[in-house]
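Have a look at the structure below before the remarks.
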Amino acid sequence: MLNVGSILKYYRMKNDMTQAELCEGICSISHLSKIESNKYDPHAETMNNLFKRMNIEWEREIDTYAYWKEKLETFIMHSVYYDLKSMEQAYIELSSQEDYLQSTDLVNRYELYKLRFYLFKQDMPRATQQVSILKRMESSFTDYEKGISKVIHLMYDIFSQNFEEAEEQLKKIDENRERIPYMFEGELFYQKAYLLHGRTQYGKSTYYAELAVDHFRKDCNYIRLLHAQLLLAINYTNRDFILQAEGLFKIILRNAKMMEFDQLYQGALYNYSELQNRRGLHKSAYALLKELKSLIGPGTDYYQAVLIHLLHTATEENMEMDSLIDELDVIVERKKDPYLRMLGTYFRKSKISQQELFDYCEETAFPFLVKHGYIREARSMAWKLANYYRTIGNDGQADKYSLYYFIKGDEEP
């Protein structure tokens, strides 16, 4: 529906005309004011005369509206199907006509999908600003737009790591389930699965990830399907559903590489290596991580994480690690980070002797990890220490580290 009054006001202000100048000899100022505030639908003759005074043909204006409405629908479809390059192109076109769009009934959906666009771009300052804009617009949303808004706001809370707010948003969505548009159901399932995975509720996360996979497959939304499959494969890994996880990882790696989704391909390599390590297939994990390391730029936090994961994997079967330790030394020297320094010593000890390594773990590394809240790493080290003490017949020490491993499992992020 075209808001004639808003468009009329838009063109009047664009032409730098007062209400009196525009309506002289056509209608009263008060009448024009009611038209511009959309409180009154003008007669065709009045409307045509007002637009004619500004040298605008109303019939052409209808075509203009239809053109930008179609552009907005294209922008929306690109966002739903995660075509970021096309979405960015559409955004540039739409933003060039922002004043016009804000004078039409297209404005709500335009502003809603701008938030989604900023999230995909990982532009959190602009996304946060957009959230404030949308809060002021909420009273004008239709029920359909309210449903869209809830899911996009959920995405914002998860992107911002505001997990408590995200859980509150989910409660509101569950209370008004029928208001979520069908095309957003897959996204809702995915975000719910992601949130549950972060809380280590892998069973529930698996359920919603499977719903997301099913929805995206039926909707032929192949890019989001790959994202949902990756989350599902990670959940399968955490639940030791080995065959299911491996099958999915192979599909994701093949399709992500073929479609040139580099970030997704890299994420699949990393998580597939974790599955292989979990299975004891450390050489396979090592090969996956070596490939991943070659694809990412040195100096990033992700490169550092991959390097450390690669070193941990190398220690399992005494694989080549001298050059990797040298790389870690360079990072330690640059960052002066005690955690990284501790890891560097740990990896060196692993090359000397098992006894020296376990002594260092017990006396230095494990206490450091516990003190500074590295729960995941401390649990992993506790498990190794428990196994070590069990093999030498010291059940008391073995039970001590086993107890830490199991108790802290509930706290692991």
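Looking at Y303 and E327, their side chains do bring a donor and an acceptor atom within 3.5 Å of each other. For Y110 and E98, the side-chain atoms include at least one donor-acceptor pair closer than 3.5 Å. With hydrogens and angles left out, the side-chain atoms of R279 and S284 include no donor and acceptor closer than 3.5 Å. No side-chain donor from either of Y265 and E260 sits under 3.5 Å from a side-chain acceptor of the other. Between the side chains of E93 and Q97, not a single donor N or O lies within less than 3.5 Å of an accepting N or O. Remark: the Y208 side chain and the N235 side chain contain no N/O donor-acceptor pair separated by less than 3.5 Å.
No side-chain donor-acceptor contact under 3.5 Å links E316 to the backbone of M319. For S160 (side chain) and N162 (main-chain N/O), no donor-acceptor pair under 3.5 Å exists by modelled atom type. Judged by distance alone, the side chain of R116 and the main-chain N or O of S79 form a donor-acceptor pair under 3.5 Å. Under the 3.5 Å distance criterion, the side-chain polar atoms of E21 are matched with a main-chain donor or acceptor of T18.
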Identify all side-chain donor-acceptor contacts of residues 338-347 below 3.5 Å with residues at least two apart in sequence or on another chain.
| residue | atom | partner | partner atom | Å |
| --- | --- | --- | --- | --- |
| Y339 | OH | E377 | OE2 | 3.4 |
| T345 | OG1 | R341 | O | 3.2 |
| Y346 | OH | K384 | NZ | 3.3 |

Hey, can you pull the donor-acceptor pairs under 3.5 Å for the side chains in residues 124-134, sequence neighbours left out?
| residue | atom | partner | partner atom | Å |
| --- | --- | --- | --- | --- |
| R126 | NH2 | Y91 | OH | 3.1 |
| R126 | NH2 | Y118 | OH | 3.2 |
| T128 | OG1 | M124 | O | 2.9 |
| T128 | OG1 | Y156 | OH | 2.9 |
| Q130 | NE2 | E111 | O | 2.9 |
| Q130 | NE2 | E111 | OE1 | 2.6 |

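Taken to the nearest 0.5 Å, the CD atom of Q89 stands 12.5 Å off from the CG atom of L84. Distance CG/L170 to CD/E165: 12.5 Å, rounded to 0.5 Å. The distance from the CD1 atom of I234 to the CD1 atom of I252 is 8.0 Å, given to the nearest 0.5 Å. Atom CG of residue L307 and atom NE2 of residue H312 lie 10.0 Å apart, to the nearest 0.5 angstrom. Within the model, atoms CG of L226 and CG of N255 stand 5.5 Å from one another, a figure rounded to the nearest 0.5 Å. In this structure, CE on M47 lies 10.0 Å from CG on N49, to the nearest 0.5 angstrom.
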Under the ring pair (Phe, Tyr, Trp, His ring centres under 6.0 Å) rule, what do H227 and Y82 come out as? Steps first, then yes or no, please. CA-CA 10 Å; H227 287 106; Y82 211 77; 4.8 Å; yes
Given the rule in the side chain to side chain donor-acceptor pair (under 3.5 Å) test, do D219 and Y81 qualify, once you have shown the distances and angles that lead to the verdict? CA-CA 9 Å; D219 196 34; Y81 291 94; 3.0 Å; yes
Starting from the C-alpha separation in whole Å, work towards a yes-or-no answer on side chain to side chain donor-acceptor pair (under 3.5 Å) for K335 and Q304. CA-CA 11 Å; K335 291 192 170 183; Q304 177 182 300; 2.7 Å; yes
Please step through salt bridge (charged side-chain N to carboxylate O under 4.0 Å, His left out) for the pair E88 and K121, ending with a clear verdict. CA-CA 9 Å; E88 184 156 20; K121 294 285 288 181; 3.0 Å; yes
Go through E73 and K69 one step at a time and tell me if the side-chain contact (heavy atoms from CB on, under 4.5 Å) criterion holds. CA-CA 6 Å; E73 288 171 354; K69 183 179 181 182; 3.5 Å; yes
Between E138 and K135, does a salt bridge (charged side-chain N to carboxylate O under 4.0 Å, His left out) hold up when you go through it step by step? CA-CA 5 Å; E138 278 179 354; K135 281 181 180 175; over 6 Å; no
For the pair E362 and Y401, evaluate side chain to side chain donor-acceptor pair (under 3.5 Å) and give the outcome as yes or no after the intermediate values. CA-CA 10 Å; E362 185 162 39; Y401 288 110; 2.9 Å; yes
Walk me through it: do R109 and Y144 pass the test side-chain contact (heavy atoms from CB on, under 4.5 Å)? CA-CA 10 Å; R109 293 189 195 182; Y144 184 83; 3.4 Å; yes
Verdict with supporting geometry, Y236 and T206, side-chain contact (heavy atoms from CB on, under 4.5 Å): CA-CA 7 Å; Y236 283 157; T206 298; 3.8 Å; yes
Could you walk me through whether V330 and E333 pass the side-chain contact (heavy atoms from CB on, under 4.5 Å) test, one step at a time? CA-CA 5 Å; V330 172; E333 186 61 32; 5.8 Å; no
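Using cut-offs of 30° and 60° for the angle between ring planes, the F368 and Y374 rings count as parallel. Using bins of under 30°, 30° to 60° and over 60° for the plane-to-plane angle, the ring pair W383/F406 lands in the perpendicular bin.
Between K150 and Q169, the shortest heavy-atom contact is O-CG, 3.6 Å.
Cation-pi geometry between R239 and Y202 is not satisfied (NZ or CZ under 6.0 Å from the ring centre, within 45° of the ring normal).
At most 12 heavy atoms of other shown residues, nucleotides or ligands fall within 6.0 angstrom of atom NZ in K204.
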